[in-house]
Amino acid sequence: MKIEHVLAGFIPESRGKDGLWLALLLARQSGARLTVAHVHAPAWTTPGPGKIDAEWQAYVAEEAAQTIAQARRLLADVDDVPIDYVLHGHRGSGRGLVQLVGRTKADVVVIGSAPGGGRGRIRLGSTADQLLHASPVPVALAPRGYGEEHPPRIQRLTVAYRRDPASGEAVRQAAATALQMDVPLRLITLVLSGGRQARIEEEMLNRLRERVAADLKAAARGHRRVEVDVAVLEGRSVAAALGNTDCEGSMLICASSETGPLRRVFLGDISSKIIRAAPCPVMMLPRNPPKKPGSGGKQGKP
């Protein structure tokens, strides 16, 4: 996955700033351009009294203009990333961003966490839900407070790996992005276990540990141009397992569910738990992302 164009969905709240700074880091380290978009309410489709229509449209236009002006102020000192600003009317902010992905040919869309979640964690709201079930490109989610306490740069990409074709493709895509961003890559597999185990259950768990460790080593082979390490993370829950590794400065990458539609991001149960538990930004990849025009069929290994 080569990132050449980042689309950031912006609203005049702290979560808008969270997504904006993650989008900026991605664009800066990838050498990509950035488009900051605000999706606002559309004009009424049912005509009403002319004066009311005009007043409503003027109000929407003024609010949208002020929102984009706020984004411009936040990025006023950025001179190393080309930035465009766009407004788009749609009833659903997530669906509006999906439309803009098509219009702008963006490679990834970025938003912040919905309100109400814990600091440093991601909460899924309606915008994320629409994106995570419809976007044809990766969706990156910034945790709450990322705009205030973000690292100076993304220091590592981490792939949540399971042995299936979707995860294999996720590793290939992440390795290409890690090479582009000049960061190392980590592959992790989560092993969920209970408390005290009966002997036979412990033996089965040991065999599972050995198998997933072998799977991780096999998945890491063939990516010699990128520094890759692997780790088996174990805990009684997804949150406990993720708590056993250092995620500072990382972005966690997940493959879409195998049961989802082709060429769309689709959130499965485990991915949903990972997003809510991760103490860092998370990027969800679509199933079988389309090739860019002119990219050809096969690509060399990173």
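Model, not experiment: these values are computed from the prediction.
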Say whether, by atom type as modelled, one donor and one acceptor occur between the side chain of His5 and the main chain of Asp107 under 3.5 angstrom.
no
The residue among Ile154, Val81, Ile3 that forms side chain to side chain contact (heavy atoms under 4.5 Å, CB included) with Gln29 is Ile154
Do Leu233 and Val191 have side-chain heavy atoms sitting under 4.5 Å apart?
no
Tell me, do Val238 and Leu192 make a side-chain contact under 4.5 Å, heavy atoms counted?
yes
What heavy-atom pair brings Ile274 and Ala160 nearest, and what distance separates the two atoms?
CD1-CB, 4.0 Å
Using atom types as modelled and distance alone, determine if a side-chain donor or acceptor of Arg15 lies under 3.5 Å from a backbone N or O of Ser113.
no
Using every non-hydrogen atom in the two residues, find where Pro136 and Val101 come nearest and quote the distance to one decimal.
CG-CG1, 4.0 Å
Are Arg276 and Arg123 close enough, and set up right, to give a side-chain contact (heavy atoms from CB on, under 4.5 Å), and what steps lead you there?
CA-CA 6 Å; Arg276 291 181 172 90; Arg123 185 173 186 271; over 6 Å; no
From Leu179 CG over to Met1 CE, what is the distance, rounded to the nearest 0.5 angstrom?
12.5 Å
Please examine the side chains of Met283 and Val108, heavy atoms only from C-beta on, and report whether any two atoms are closer than 4.5 Å.
yes
What pair of heavy atoms forms the shortest contact from Ser271 to Ala255, and how long is it?
OG-O, 3.5 Å
Closest non-hydrogen contact found for Leu190 with Ala241 is CD2-CB, 4.1 Å
Atom pair CE (Met204) and CG (Asn206), whose distance is rounded to the nearest 0.5 Å:
11.0 Å
CD of Glu227: more than 12 outside heavy atoms within 6.0 angstrom?
no
When hydrophobic residues are tied together by side-chain contacts of less than 4.5 Å, even through go-betweens, does Ile253 share a cluster with Val230?
yes
Sequence neighbours excluded, the answer for side chain to side chain contact (heavy atoms under 4.5 Å, CB included) partners of Thr127 is Ser93, Leu97, Ile111, Leu131
Answer yes if the side chains of Arg186 and Thr245 hold a donor-acceptor pair under 3.5 Å, and no otherwise.
yes
Approximate separation, where rounding is to 0.5 Å, of Cys254 SG and Arg162 CZ:
8.5 Å
So Leu187 and Val228, side-chain contact (heavy atoms from CB on, under 4.5 Å) or not? Walk me through it.
CA-CA 7 Å; Leu187 311 183; Val228 185; 4.1 Å; yes
Can a donor-acceptor pair be found, under 3.5 Å and without considering hydrogens, that links the side chain of Glu4 to the backbone of Ala32?
no
Taking atom CG of Leu34 and atom CG of Leu26, what is their separation to the nearest 0.5 Å?
9.5 Å
What's the separation between atom CG in Leu216 and atom CD1 in Ile188, rounded to the nearest 0.5 Å?
9.0 Å
Can you pull out every salt bridge (charged side-chain N to carboxylate O under 4.0 Å, His left out) where at least one residue sits in residues 175-185? Sequence neighbours excluded, please.
none
Which atom of Ala178 lies closest to which atom of Val226, heavy atoms considered:
CB-CG1, 3.9 Å
Measure the CG-CG distance between Leu252 and Leu242 for me, rounded to the nearest 0.5 Å.
6.5 Å
4.5 Å side-chain heavy-atom contact, Leu205 and Glu234:
yes
Contact between Ser135 and Val109 at the side-chain level, heavy atoms closer than 4.5 Å - yes or no?
yes
For Gln180 and Lys2, indicate whether the former's side chain and the latter's backbone hold a donor-acceptor pair under 3.5 Å.
no
What side-chain donor-acceptor pairs closer than 3.5 Å can you find for residues 139-148, not counting sequence neighbours?
| from | atom 1 | to | atom 2 | distance (Å) |
| --- | --- | --- | --- | --- |
| Arg144 | NH1 | Gly117 | O | 2.6 |
| Glu148 | OE1 | Arg119 | NH2 | 2.8 |

Residues 148-174 vs ring-ring contact (aromatic ring centres under 6.0 Å, His included), sequence neighbours excluded, gives Trp21-His150
Compare all side-chain heavy atoms of Ser250 with those of Gln155 and state whether any distance is below 4.5 angstrom.
no
Intermediate values then yes/no, side-chain contact (heavy atoms from CB on, under 4.5 Å), Val86 and His88
CA-CA 7 Å; Val86 299; His88 182 59; 5.8 Å; no
Here the salt bridge (charged side-chain N to carboxylate O under 4.0 Å, His left out) pairs for residues 21-40, sequence neighbours left out, are Arg28-Asp80, Arg33-Asp84
Can you list the steps and then say if Ile275 with Met284 is a side-chain contact (heavy atoms from CB on, under 4.5 Å)?
CA-CA 9 Å; Ile275 288 175; Met284 286 294 305; 3.9 Å; yes
Kindly indicate whether the side chain of Leu285, heavy atoms from C-beta on, has any atom under 4.5 Å from the side chain of Gln173.
yes
What I'd like to find out is whether the side chain of Asp129 reaches to under 4.5 Å of the side chain of Leu124, using heavy atoms alone.
no
Listed pairs under 3.5 Å, donor-acceptor, residues 67-78 side chains, sequence neighbours left out:
| from | atom 1 | to | atom 2 | distance (Å) |
| --- | --- | --- | --- | --- |
| Thr67 | OG1 | Glu63 | O | 3.0 |

Nearest atoms (heavy-atom pairs only) where Leu100 meets Ala37:
CD1-CB, 3.5 Å
Report the residue from Glu203, Arg209, Arg211 that forms a side chain to side chain contact (heavy atoms under 4.5 Å, CB included) with Arg207.
Glu203
Quick test of your reading of the model: are Arg172 and Glu169 salt-bridged, counting only N-O distances below 4.0 Å?
yes
Starting from Leu132, can I reach Ile11 by hopping between I/L/V/M/F/W/Y residues whose side chains sit under 4.5 Å apart?
no
